[in-house]
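Computation of the quantities below employed the complete heavy-atom set of this structure, encompassing side-chain atoms and omitting hydrogens, waters and symmetry-equivalent molecules.
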Amino acid sequence: MYTLFWCSKALFLLMFCRLMKMSTAEGKGEILPPTIQKIMKGYNKYLRPFFDNGPVSVGMSMDIASIDTISEINMDYTATIFLRQRWTDERLCFEGNKSLSLDGRLVEMLWIPDTFIVDSKKSFLHDITVENRLIRIYPNGTVLYAIRITATVACSMDLTKYPMDKQTCTLQLESWGYNINDVQFYWTRGNDSVRGLEILQLAQYTVEDHFTSVSEAVYETGCYPKLVFHFELKRNILYFILETYVPSILLVVLSWVSFWISQSSVPARICIGVTTVLTMTTLMMGARTSLPNANCFIKAIDVYLGICFSFIFGALLEYAVAHFCTLHRSNLRVLTKDEDEEIEEEINGVLATIANSCNVSDKINKVDSKKNINTSSNRKEEKSKHSGCNSPMTVMKRLFCISDCFYVKNPYHIDNYARLSFPLSFIIINVFYWVYYLYF
């Protein structure tokens with residue numbers, strides 16, 4: 001009796017499930033209009049159109065809704081796009097002159113291309129309030145399939161001219177499983193197939209140019225159709241001028257203020273030098289926070305900050321040299337005129353001794369030359385030897401001149417030289433810097 005009860009119960013559940021499946025199938029049939037029911041009768045979504053009659057052509061077009069972020073650290077950009085695909089499926093032809101717009105959930109009943117974004121790191125299909133899909137079927141069997149997706153796409157960037165750089169990024173669309181023998185991709189309107197960039201407003205970039213291309217992707221498994229969208233971005237430099245370049249220039253100018261302060265004011269000059277060096281170091285560290293930590297990129301902003309840091313550090317070293325020369329000069333006693341004359345006589349005596357030794361060697365060489373038969377060769381030897389004797393005197397005179405040039409008679413003139421040399425050098429280097437990075 002107990003076994004009969006459980007058997008009847010199991011049979012009841014089985015019949016209930018069977019009735020539910022039948023009602024669901026009937027419900028789906030009732031939802032579909034007669035035209036769609038007629039079209040879908042015998043339709044196999046697992047077979048592509050023109051399965052035995054060559055590849056199916058899929059035309060594509062896009063609208064760029066927004067480019068949200070462009071990251072130099074991760075070298076990628078995030079964009080929201082409306083992707084539209086068109087193809088013809090001869091199995092979906094029907095009579096009439098009006099297209100049929102279907103619910104996006106009916107996509108699962110049709111064959112659709114297996115298009116994917118090649119360099120996508122992360123992407124998703126918008127599903128608020130429902131999945132953002134559009135299906136439209138035309139009487140000749142043409143199918144329009146549109147989706148709204150947001151994707152984070154990799155973009156290889158060259159940052160050697162940052163922040164005066166231009167970046168060219170791409171959006172590549174390929175077929176995942178169907179090769180060129182099964183599917184062919186093409187842009188529906190050429191370069192006009194991608195719209196929305198003309199009215200796009202980016203925080204840090206300006207879209208200068210964009211174009212499309214058609215190519216093939218070659219892998220080990222075969223050749224696959226590929227569509228590429230190229231767009232060129234130019235960075236707006238005004239932000240960096242106000243944020244980095246102008247403060248660094250002002251810090252360099254501030255370091256020059258010490259040239260007009262007396263050398264006896266040691267705390268004032270040291271304070272200006274050390275403060276500007278530390279501030280410049282902080283500015284350099286802040287400028288690198290939004291950049292990748294890669295040694296392969298020597299960026300234009302790094303070069304400029306390095307130049308500014310060198311001038312600021314040079315101003316600090318200038319005071320150290322001037323102060324050392326001042327202390328060294330105060331420790332030396334002032335030479336009198338008689339002592340100066342004695343030093344000059346000693347130098348002249350050294351030079352005269354060198355000259356006399358050269359003359360003696362000349363006489364010996366003349367006596368030896370009379371014994372030789374070939375007079376022409378002896379004259380050449382005399383000239384070479386005479387020039388060899390004169391060379392030490394010439395070298396000594398040049399050494400005395402060079403040492404006299406480096407001798408600072410008045411250390412207080414060092415600041416006067418720095419007031420002219422530092423600004424002039426900084427202006428010349430700036431001209432070369434901006435001309436190179438803006439026009440080359």
Side-chain angles (χ1 to χ4, degrees), residues 57-87 99 101 104 113 115-126 128 131-136 142-159 161-174 185-215 225-243 290 437-439:
S57 298
V58 180
M60 297 194 186
S61 62
M62 290 190 301
D63 278 348
I64 307 295
S66 65
I67 297 180
D68 303 322
T69 58
I70 301 175
S71 174
E72 290 83 10
I73 297 178
N74 300 323
M75 288 197 177
D76 56 27
Y77 66 92
T78 302
T80 300
I81 62 175
F82 297 94
L83 177 62
R84 290 181 291 270
Q85 304 178 73
R86 292 175 181 267
W87 68 93
S99 61
S101 296
T115 308
F116 76 103
I117 300 175
V118 179
D119 298 326
S120 176
K121 296 181 178 180
K122 182 177 62 175
S123 59
F124 62 92
L125 175 67
H126 291 261
I128 303 299
E131 289 187 351
N132 295 170
R133 292 180 175 183
L134 180 145
I135 283 288
R136 187 171 297 165
T142 300
V143 181
L144 171 62
Y145 175 52
I147 55 176
R148 177 177 174 232
I149 56 177
T150 296
T152 300
V153 186
C155 177
S156 180
M157 299 182 183
D158 183 9
L159 299 176
K161 289 190 175 183
Y162 178 90
M164 292 164 281
D165 56 333
K166 295 181 181 179
Q167 305 297 338
T168 301
C169 297
T170 60
L171 182 65
Q172 304 180 36
L173 301 173
E174 288 184 14
F185 285 171
Y186 68 95
W187 294 105
T188 55
R189 295 184 300 273
N191 289 335
D192 293 334
S193 301
V194 181
R195 298 178 179 178
L197 288 177
E198 300 81 4
I199 59 175
L200 205 61
Q201 297 293 331
L202 301 178
Q204 195 177 131
Y205 289 90
T206 300
V207 181
E208 283 201 333
D209 190 19
H210 62 89
F211 60 95
T212 59
S213 64
V214 181
S215 61
K226 179 169 69 173
L227 299 181
V228 185
F229 170 60
H230 311 259
F231 58 98
E232 187 176 280
L233 301 173
K234 181 180 180 182
R235 196 184 304 272
N236 299 325
I237 195 176
L238 181 60
Y239 168 79
F240 297 93
I241 290 177
L242 299 177
E243 187 73 15
S290 60
Y437 282 105
L438 289 177
Y439 299 102

**Request:** Answer yes or no: are there more than 12 heavy-atom neighbours, outside L242 itself, under 6.0 Å from its atom CG?
**Result:** yes
**Message:** Within the supplied structure, the quantity of interest is the number of heavy atoms (other residues, nucleotides, ligands) at a distance under 6.0 Å from Q201 CD; does it exceed 12?
**Reply:** no
Report yes if the side chains of [X] and [Y] come closer than 4.5 Å at any heavy-atom pair, otherwise no.
X: L233; Y: L202; answer: yes
X: E72; Y: L159; answer: yes
X: L173; Y: L83; answer: yes
X: V153; Y: C169; answer: no
X: F185; Y: K226; answer: no
X: M62; Y: W187; answer: yes
X: R235; Y: M164; answer: no
X: M60; Y: T115; answer: yes

Considering all heavy atoms of both residues, which atom of [X] and which atom of [Y] are nearest to each other, and what is their separation?
X: H126; Y: T80; value: NE2-CG2, 4.1 Å
X: I67; Y: I64; value: CG1-CG2, 4.0 Å
X: S71; Y: M157; value: O-CE, 3.7 Å
X: I117; Y: A151; value: CD1-CB, 3.9 Å
X: T188; Y: G59; value: CG2-C, 3.5 Å
X: Q167; Y: D158; value: NE2-O, 2.9 Å

State which residues pass ring pair (Phe, Tyr, Trp, His ring centres under 6.0 Å) with [X]; sequence neighbours excluded, sorted by chain then number.
X: F240; value: Y162
X: F211; value: H230
X: F231; value: Y77, F229
X: Y205; value: none

Using 0.5 Å steps for rounding, measure from the [atom1] atom of [X] to the [atom2] atom of [Y].
X: F82; Y: I147; atom1: CZ; atom2: CD1; value: 11.0 Å
X: R195; Y: H210; atom1: CZ; atom2: NE2; value: 10.5 Å
X: T168; Y: E208; atom1: OG1; atom2: CD; value: 9.5 Å
X: K234; Y: D209; atom1: NZ; atom2: CG; value: 13.0 Å
X: S215; Y: L227; atom1: OG; atom2: CG; value: 7.5 Å

Not counting sequence neighbours, which residues clear side-chain contact (heavy atoms from CB on, under 4.5 Å) with [X]? List them please.
X: I241; result: I237, Y245, V246
X: L144; result: R84, R86, L134, R136, Y138
X: T69; result: T78
X: E243; result: Y239

Sequence-distant partners of [X], side-chain hydrogen bond (donor to acceptor under 3.5 Å, both in side chains), two or more places apart:
X: D76; result: K121
X: T206; result: N236
X: S193; result: none
X: S57; result: none

**Message:** With side-chain contact (heavy atoms from CB on, under 4.5 Å) as the test, pick out the partner of L171 among T212, I81, D119, V118.
**Reply:** I81
**Request:** Check the pair W87, T142 against side chain to side chain contact (heavy atoms under 4.5 Å, CB included), reporting the backbone distance first and the verdict last.
**Result:** CA-CA 6 Å; W87 68 93; T142 300; over 6 Å; no
